[in-house]
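In this chain, numbering begins with 1 at the start of the sequence shown. This is a predicted model, so every value here is computed, not measured.
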Amino acid sequence: MRDELFIRGDVPMTKSEVRTVCVSKLELCPDSILYDIGAGTGSVSIEASGYLTNGKVYAVEKKPEAQALIEANKEKFAADCVTVVKGTAPEALSGLEVATHVFLGGTSGNLEEVLDLVLKKNPWVRVVANFIALESLSEMLLWLKKHSIEAEIVQMQVSKAKTAGTYHMMMGQNPVYIISFGGEGGMSFESGK
């Protein structure tokens, strides 16, 4: 879905090209239960909801402005399977049904606690996480090493054309690191195999 279709405000959003790769890496099924943690505008939640005929998306977000944007986008796209969960993970996840899939867009500094909780609830959960800051990426890599988990790591750098008079210049967006692991046929968190 094109970025321009979403109601945006001043809330960060996972851009179209990155969102496409992330949703693909989630490997969703029609009945998946997805946590979108740090959901922002809800772009990943909305995009993923199109694959879920019998599933659910829990868009977890702590900022009131972002929560309102997710609700607005949910209404705009008739994404009835999306539920906005107000709060910060991991606390906000406590009353939710067990996830089969998790997308981490932001964890408010609680990366390790969030990962530990979702994997405790479901050792076979499929996790896809985005990172822009190298410090956050480093924290994720240390966590993976600590738990002997092999993950796929993709780095994307997207450039889009911007007009300058009659010319077009390519303008680079932030590089994004996409880490994915787990899921059916993947590895068990508890066994480390």
Side-chain angles (χ1 to χ4, degrees), residues 11-29 32-45 47-48 57-63 66 85-159 172-193:
V11 174
M13 180 173 86
T14 303
K15 304 293 190 300
S16 175
E17 294 79 10
V18 174
R19 190 170 59 248
T20 299
V21 171
C22 291
V23 171
S24 171
K25 296 292 182 191
L26 279 167
E27 302 172 357
L28 295 166
C29 301
S32 295
I33 305 300
L34 171 65
Y35 295 172
D36 179 2
I37 300 173
T41 60
S43 66
V44 171
S45 293
E47 189 101 29
V57 179
Y58 293 99
V60 181
E61 179 55 55
K62 68 176 186 176
K63 297 178 183 172
V85 178
K86 299 175 181 180
T88 303
E91 296 80 16
L93 308 178
S94 64
L96 303 180
E97 62 190 298
V98 175
T100 58
H101 297 75
V102 173
F103 175 73
L104 299 175
T107 60
S108 299
N110 300 322
L111 178 66
E112 187 169 338
E113 294 85 354
V114 169
L115 287 168
D116 287 347
L117 177 65
V118 297
L119 285 159
K120 182 179 178 184
K121 289 173 89 169
N122 178 5
W124 296 96
V125 69
R126 177 72 177 164
V127 176
V128 176
N130 279 6
F131 300 96
I132 295 173
L134 295 177
E135 292 79 7
S136 299
L137 174 65
S138 177
E139 184 181 355
M140 180 67 173
L141 294 175
L142 288 171
W143 184 89
L144 289 166
K145 185 175 183 178
K146 175 181 171 182
H147 295 287
S148 302
I149 295 175
E150 287 291 325
E152 179 183 37
I153 303 171
V154 174
Q155 188 269 322
M156 285 186 70
Q157 171 88 46
V158 176
S159 298
Q173 298 177 356
N174 287 330
V176 178
Y177 296 88
I178 303 167
I179 295 183
S180 55
F181 64 92
E184 188 175 329
M187 112 164 63
S188 169
F189 173 66
E190 293 176 336
S191 71
K193 295 181 181 179

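- The distance from atom CG of L111 to atom CD1 of I37, rounded to the nearest 0.5 Å, is 9.5 Å.
- Judged as a side chain to side chain donor-acceptor pair (under 3.5 Å), and not counting sequence neighbours, the contacts of K121 are Y35.
- Residues that satisfy the side chain to side chain donor-acceptor pair (under 3.5 Å) test with S45, not counting sequence neighbours, are D36.
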List, one per line, each side-chain donor-acceptor pair under 3.5 Å for residues 173-183, sequence neighbours excluded.
residue: S180; atom: OG; partner: E152; partner atom: OE1; Å: 3.3

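- H101 approaches C29 most closely through the heavy-atom pair CE1-N, 4.5 Å.
- When all heavy atoms of L144 and A151 are compared, the pair lying nearest together is CD1-CB, 3.8 Å.
- H147 is listed as a side-chain neighbour of D116, based on a closest heavy-atom distance under 4.5 Å.
- Panel note: side chain R19, backbone A48; no donor-acceptor pair is recorded below 3.5 Å.
- K146 is linked by a side chain to side chain donor-acceptor pair (under 3.5 Å) to E112, counting only residues two or more places apart in sequence or in another chain.
- Taking each heavy atom of S43 and T14 in turn, the nearest pair found is OG-O, 3.4 Å.
- Between V118 and the choices L96, V98, L93, the side chain to side chain contact (heavy atoms under 4.5 Å, CB included) rule is met once, by L93.
- Shortest non-hydrogen contact noted between V85 and A92 is CG1-O, 3.6 Å.
- For E61 (side chain) and A39 (main-chain N/O), a donor-acceptor pair under 3.5 Å exists by modelled atom type.
- Under the side chain to side chain donor-acceptor pair (under 3.5 Å) criterion, Q157 pairs with no residue at all, not counting sequence neighbours.
- Taking the side chain as every heavy atom from C-beta outward, M156 and V21 approach each other to under 4.5 Å.
- Within the structure, every pair that satisfies the salt bridge (charged side-chain N to carboxylate O under 4.0 Å, His left out) test and touches residues 92-102, not counting sequence neighbours, is listed here: K56-E97.
- Applying the side-chain hydrogen bond (donor to acceptor under 3.5 Å, both in side chains) definition to pairs two or more places apart or across chains, none involves residues 129-142.
- Minimum heavy-atom separation, A99 to N122: O-ND2, 2.9 Å.
- Summarising the geometry, atom CG belonging to L34 is positioned 9.0 Å from atom CZ belonging to F103; distances are rounded to the nearest 0.5 Å.
- With sequence neighbours excluded, the residues forming a side-chain contact (heavy atoms from CB on, under 4.5 Å) with T100 are S32, I33, listed by chain and number.
- Residues meeting the salt bridge (Lys or Arg N to Asp or Glu O under 4.0 Å) test with E17, sequence neighbours left out: K160.
- Annotation: side chain of L104 is in contact with side chain of L115 (closest heavy-atom distance under 4.5 Å).
- Separation of atoms OG1 (T20) and CD (E47) is listed at 5.5 Å; rounding is to 0.5 Å.
- Note that OG1 of T107 and CD of E113 are 8.5 Å apart. Values are rounded to the nearest 0.5 Å.
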